[in-house]
Amino acid sequence: MGLELYLDLLSQPCRAVYIFAKKNGIPFELRTVDLRRGQHLSDAFAQVNPLQKVPVLKDGDFILTESVAILLYLARKYKVPDHWYPRDPQACARVDEYLAWQHTTLRRNCLRALWHKVMLPVFLGEPVSPEMLATTLAELDMALQVLEGKFLQDKAFLIGPHISLADLVAITELMHPVGAGCQVFKGRPKLAAWRQRVEAAVGEVLFQEAHEVILKAKDSQPADPSLKQKMLPKVLAMIQ
């Protein structure tokens, strides 16, 4: 059995893994796990990942969870172009720096923006107070300022002149609030120009393919009551 990737492109980490594998010609079998149907909560999927999260990589008998670990595994095993995860120790450290920072900052803020603005009220039928939404969007704005001011600065990409894993993880994060209708690039010309460069480096067709699901998130159908009961506690824990 070859490489298998368990993904749902509604998920930011899944989109990063999907784009990276496709862009670098890494052959894999796609195993779709539909989050909005609760397939990640099934007993069958728990046999693959007891944490009941995507993405998951299965390479023969080897199973790996956590998107950053998966990206690094793919980069090392398939010897992708050096710009993705440079061999130079300082350039590599800059990628690591971004990947370490984003988990509890931009990733969290983008996730909360999507759920507070769209997924909670539309998919799970849970109202979000205007005060909560305003706080979430203010925190997202602060994270965007750090992304632009510390990491991007005046460079073409977050690490330097070439795209890296840092850019791929960042852009897929930002498409979460974009899918919720947030104008994250408006009034940020540096960030908007960076987005265009990342899309061009990835390939516009692949970029649009990977983000088709998230860009339709506002059209999500309400979850049935039994699924909502199972999902809501996990969602609230995830976005707190």
Side-chain angles (χ1 to χ4, degrees), residues 6-19 32-42 45-46 49 51-56 66-67 102-148 169-188 191-192 195 207-240:
Y6 293 76
L7 309 173
D8 183 339
L9 297 183
L10 180 69
S11 155
Q12 172 272 321
C14 289
R15 294 195 299 273
V17 170
Y18 181 83
I19 291 173
T32 300
V33 181
D34 193 327
L35 299 175
R36 284 175 290 188
R37 292 176 58 193
Q39 291 180 352
H40 59 303
L41 303 176
S42 69
F45 184 67
N49 182 10
L51 299 177
Q52 298 180 307
K53 294 166 56 180
V54 288
V56 179
E66 300 300 327
S67 59
Q102 58 89 27
H103 280 296
T104 57
T105 47
L106 192 65
R107 167 67 181 144
R108 174 181 179 272
N109 295 139
C110 291
L111 185 67
R112 283 166 59 86
L114 175 68
W115 278 93
H116 285 162
K117 195 170 173 62
V118 170
M119 298 303 289
L120 274 175
V122 174
F123 177 57
L124 292 182
E126 287 292 307
V128 176
S129 71
E131 294 79 13
M132 173 65 78
L133 181 58
T135 298
T136 294
L137 296 181
E139 290 175 352
L140 173 60
D141 183 69
M142 291 175 62
L144 290 170
Q145 291 178 41
V146 176
L147 175 67
E148 192 172 37
V169 170
I171 194 64
T172 49
E173 285 165 346
L174 292 186
M175 294 306 289
H176 250 37
V178 169
C182 299
Q183 302 295 318
V184 298
F185 299 102
K186 186 176 181 179
R188 295 187 175 92
L191 213 56
R195 173 188 173 170
F207 188 88
Q208 292 302 318
E209 175 191 335
H211 289 95
E212 183 178 1
V213 174
I214 191 64
L215 293 176
K216 295 179 179 177
K218 296 189 293 296
D219 302 325
S220 296
Q221 296 298 309
D224 68 67
S226 61
L227 179 58
K228 174 182 174 178
Q229 187 176 18
K230 289 175 65 176
M231 289 189 68
L232 186 57
K234 294 179 180 294
V235 167
L236 294 178
M238 176 179 68
I239 64 175
Q240 66 182 0

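Residues satisfying the side chain to side chain donor-acceptor pair (under 3.5 Å) criterion with Ser226, sequence neighbours excluded, are Asp224. With sequence neighbours left out, Arg188 forms a salt bridge (charged side-chain N to carboxylate O under 4.0 Å, His left out) with Asp141. Residues meeting the side chain to side chain donor-acceptor pair (under 3.5 Å) test with Ser220, sequence neighbours left out: Arg36. In this structure Glu66 satisfies the side chain to side chain donor-acceptor pair (under 3.5 Å) test together with Lys53, sequence neighbours excluded. Every side-chain contact (heavy atoms from CB on, under 4.5 Å) that Lys230 has, sequence neighbours left out, goes to Leu41. For Arg108, the side-chain contact (heavy atoms from CB on, under 4.5 Å) test picks out Arg112, Glu139, with sequence neighbours left out. Every side-chain contact (heavy atoms from CB on, under 4.5 Å) that Ser42 has, sequence neighbours left out, goes to Ala44, Phe45. Partners of Phe207 under the ring pair (Phe, Tyr, Trp, His ring centres under 6.0 Å) rule, at least two apart in sequence or in another chain, are His211. For the side-chain contact (heavy atoms from CB on, under 4.5 Å) test, residues two or more places apart in sequence or in another chain that qualify with Asp8 are Leu10, Asp34, Leu35.
The minimum heavy-atom distance between Pro55 and Cys14, with the atom names listed, is N-SG, 3.7 Å. The nearest pair of heavy atoms linking Ala113 to Pro177 is CB-CB, 4.1 Å.
In this structure, Leu111 and Ile239 have side chains that are in contact, with non-hydrogen atoms separated by less than 4.5 Å. In this structure the side chain of Thr172 reaches within 4.5 angstrom of the side chain of Ile19, judged on heavy atoms. Between Asn49 and Tyr6 there is no side-chain heavy-atom pair separated by less than 4.5 Å. Counting only heavy atoms from C-beta outward, the side chains of Leu215 and Val178 approach each other to under 4.5 Å.
Rounding to the nearest 0.5 Å places CG of Leu7 at 7.5 Å from OG1 of Thr32. The structure places CD of Gln12 at 6.0 Å from OG of Ser67, a figure rounded to the nearest 0.5 Å. Rounding to the nearest 0.5 Å places CG of Leu147 at 8.5 Å from SG of Cys110. The line from CD of Glu173 to CG of Leu144 is 10.0 Å long, rounded to the nearest 0.5 Å. Summarising the geometry, atom CG belonging to Leu140 is positioned 7.0 Å from atom CG belonging to Leu106; distances are rounded to the nearest 0.5 Å. Taking CG from Asn109 and SG from Cys182, the interatomic distance works out to 11.0 Å, rounded to the nearest 0.5 Å.
Between the side chain of Arg15 and the main chain of Ala210, no donor-acceptor pair closer than 3.5 Å is present.
Sequence neighbours left out, not one pair with a member in residues 213-240 passes ring pair (Phe, Tyr, Trp, His ring centres under 6.0 Å). Among residues at least two apart or in separate chains, salt bridge (charged side-chain N to carboxylate O under 4.0 Å, His left out) pairs with a member in residues 209-219 are Glu212-Lys216.
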Donor-acceptor pairs under 3.5 angstrom involving side-chain atoms of residues 114-130: please list them, not counting sequence neighbours.
residue, atom, partner, partner atom, Å
His116, ND1, Thr136, OG1, 2.7
Glu126, OE2, Lys228, NZ, 2.8
Ser129, OG, Met132, N, 3.0

